[in-house]
Amino acid sequence: MAVTRTFSIIKPDATRRNLTGAITKMLEDAGLRVVASRRIHMSRDQAEGFYAVHKERPFFNDLCTFMTSGPVVVQVLEGEDAVKRNREVMGATNPADAAEGTIRKSYAESIEANSVHGSDSDENAKIEIDFFFEPDEIVG
Ligand code: ADP
Ligand code: MG
């Protein structure tokens with residue numbers, strides 16, 4: 001299997017509870033390496049652009065309000081089959097459905113405030129990485 005990259009966000013519900021380190025440790029323990037990381041307060045424009053694929057969904061407005069409600073940590077993760085590995089350690093979108101030992105089972109507050117984002121395909125990982133990072137900010 002190839003070493004690939006994925007894009008991760010530690011969401012405002014998690015930064016508010018000081019869980020940046022705990023979540024990053026779970027990512028690292030899952031075999032992922034943080035090769036870029038920045039703490040930002042997302043603008044409304046950034047949130048709407050990042051989640052544009054969801055703009056017809058009923059939760060779109062609330063999601064953008066949530067994602068701009070506090071600091072987030074945007075990260076690039078590298079590892080074997082990184083997109084899949086990260087989705088596994090994140091757990092299901094709804095924490096009620098998430099498996100034991102996953103980040104969302106451990107920490108998510110709700111289906112919206114679910115602590116982490118992770119890309120869902122290699123193609124989207126590249127788009128999402130490029131949305132937040134310049135190539136020279138990623139050090140593998
Ligand atoms: P995932 O983050 O697991 O890839 P989606 O891409 O489907 O999930 O949704 C993006 C984000 O939108 C979710 O992580 C969550 O924060 C929010 N969300 C998804 N479904 C709902 C819902 N039914 N109600 C409220 N928020 C939702
Ligand atoms: Mg998604």
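Every number for a ligand or one of its atoms is a count from 1 in the order of the listing.
By the 6.0 Å and 45° rule, Arg38 stacks over the aromatic ring of Phe133.
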Arg16 vs Glu109, salt bridge (charged side-chain N to carboxylate O under 4.0 Å, His left out): CA-CA, chis, key distance, verdict: CA-CA 12 Å; Arg16 177 171 48 75; Glu109 294 182 320; 2.9 Å; yes
Trace of the side chain to side chain contact (heavy atoms under 4.5 Å, CB included) decision for Ile10 with Thr24: CA-CA 9 Å; Ile10 301 176; Thr24 301; 3.7 Å; yes
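Counting the atoms of ligand 1 from 1 in the order shown, those under 4.0 Å from a heavy atom of Arg87 are 1 (P), 3 (O), 4 (O).
Phe131 and Phe7 have their aromatic ring centers separated by at least 6.0 angstrom.
Inspection of the Ser115 and Asp13 side chains reveals an N or O donor paired with an N or O acceptor under 3.5 Å.
In terms of protein heavy-atom proximity, atom 23 (N) of ligand 1 is closest to Ile111 CD1, 3.7 Å. The single protein non-hydrogen atom nearest to atom 3 (O) of ligand 1 is Thr93 OG1, 2.5 Å, given as residue, atom name and distance. In terms of protein heavy-atom proximity, atom 2 (O) of ligand 1 is closest to Arg104 NH2, 3.0 Å. When only non-hydrogen protein atoms are considered, atom 13 (C) of ligand 1 lies nearest to Asn114 ND2, 3.6 Å. Looking only at protein heavy atoms, the nearest one to atom 11 (C) of ligand 1 is Leu63 CD2, 3.9 Å. Among all protein heavy atoms, the one lying closest to atom 19 (C) of ligand 1 is Phe59 CZ, 3.5 Å. At the shortest separation from atom 16 (O) of ligand 1 among protein heavy atoms lies Glu112 O, 2.8 Å. The nearest heavy-atom contact from the protein to atom 5 (P) of ligand 1 is His54 NE2, 3.8 Å.
Partners of Pro95 according to the side-chain contact (heavy atoms from CB on, under 4.5 Å) rule, which considers only residues two or more places apart in sequence or in another chain, are Ala108.
Considering backbone and side-chain N/O atoms, Tyr51 never comes within less than 3.5 Å of an N/O atom of ligand 1.
A distance-only check finds a donor-acceptor pair linking the side chain of Gln46 to the backbone of Ser43 [under 3.5 Å]. Under the 3.5 Å distance criterion, the side-chain polar atoms of Arg5 are left unmatched by any main-chain donor or acceptor of Ala82.
In His117, neither the side chain nor the backbone holds a heavy atom less than 4.0 Å from any atom of ligand 1. At a 4.0 Å heavy-atom cut-off, ligand 1 does not touch Met90 at all.
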